[in-house]
Amino acid sequence: MADAKAVDQLLQWPGDLLDRVSALLAKVGVDLTPLVLQLFLLAIVVALLIPTVKRVRARRKADRLPLVAAVVLALVALGVLLGLVDNATTPKRVAGTLRSDRLDSATVALLDFRDRVISTGAGAVDSVTGAFALHYNPLVDGRARKLRITAAGCKPLDVELARAQLRASAEPTFTHRCAAD
């Protein structure tokens, strides 16, 4: 049980440190992109991994950490790297068709994990066919999590986007029913 507590504490450090760095930078007006946050997290985890491995191999039993501590930190580093590769290989274009009774005023946008707009352009929807195409940079902004549909006089509608939808070559159809503001 003590091993699990040590690993839990060790896993809290990278997130806490990243939060503190982000907060400090935010105080001076620096807003970091997901790519930079991921790189910072990777650097913190690697920096923690080195002393953790030394403590796993410590001669004195009282100074030792369980092997799982080093394995867990290595898995976090691997996860960050896999996330970066996934974002780098995700298509930069999301296209589809919108079915709505408000096509003449409808717009669409891609949102990130913080619900911030990450797509470029106006997000226009063809008023006859409902077709749209959005562009963004998943490596820098992270994977698009939602499609936000807006239309005059309607509440915005957020539709979750699965990773598979972003990678598929098919262009999905989204349905929008106006809910009054």
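If you're wondering where the values come from, they're calculated on a predicted model, not measured in any experiment.
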**Request:** Taking Gln12 for its side chain and Gln9 for its backbone only, find out whether a donor-acceptor pair lies under 3.5 Å.
**Result:** no

**Request:** Could you tell me whether the side chain of Leu25 reaches within less than 4.5 Å of the side chain of Ser22, counting heavy atoms only?
**Result:** no

**Request:** With sequence neighbours excluded, give me every side chain to side chain donor-acceptor pair (under 3.5 Å) pair touching residues 43-57.
**Result:** none

**Between OG1 on residue Thr90 and CG on residue Leu166, distance to nearest 0.5 Å** = 6.5 Å

**Message:** Suppose we screen for side-chain hydrogen bond (donor to acceptor under 3.5 Å, both in side chains). Which residues come up paired with Arg163, at least two apart in sequence or across chains?
**Reply:** Asp86

**Residues, nucleotides or ligands: over 12 heavy atoms within 6.0 Å of Arg114 CZ** = yes

**Side chain to side chain, His135 and Arg93, heavy atoms closer than 4.5 Å** = yes

**Asked** Would you say Arg99 has more than 12 foreign heavy atoms packed within less than 6.0 Å of its CZ?
**Response** no

Could you pull out all donor-acceptor pairs under 3.5 Å where a side-chain atom in residues 137-152 meets a protein atom, sequence neighbours excluded?
residue	atom	partner	partner atom	Å
Asn137	OD1	Leu139	N	3.2
Arg143	NH1	Leu161	O	3.2
Arg145	NE	Arg143	O	3.4
Lys146	NZ	Asp115	OD1	3.0
Lys146	NZ	Asp115	OD2	3.4
Arg148	NE	Asp158	OD1	2.7
Arg148	NH2	Asp158	OD2	2.9
Thr150	OG1	Thr107	OG1	2.5

Which atom pairs, one a donor and one an acceptor, fall under 3.5 Å between side chains of residues 26-50 and the rest of the protein, sequence neighbours left out?
residue	atom	partner	partner atom	Å
Asp31	OD2	Arg116	NH1	2.7
Thr33	OG1	Val36	N	3.4

**Request:** Find out whether Val108 and Val125 are in side-chain contact, i.e. whether some heavy atom of one side chain is under 4.5 Å from a heavy atom of the other.
**Result:** yes

Distance-only donor-acceptor hits, side chain of residues 66-83, under 3.5 Å, sequence neighbours excluded:
none

**Request:** Using modelled atom types only, decide if a donor and an acceptor are shared between the side chain of Ser119 and the backbone of Tyr136 within a distance under 3.5 Å.
**Result:** no

**Asked** Atom SG of Cys178 and atom NE2 of His176: how far apart are they, to the nearest 0.5 Å?
**Response** 5.5 Å

**Item:** Minimum-distance pair of heavy atoms, taken over all atoms of Ser100 and Leu103
**Value:** O-CG, 3.6 Å

**Asked** Remaining members of Val117's ILVMFWY cluster at a side-chain heavy-atom cut-off under 4.5 Å?
**Response** Leu111

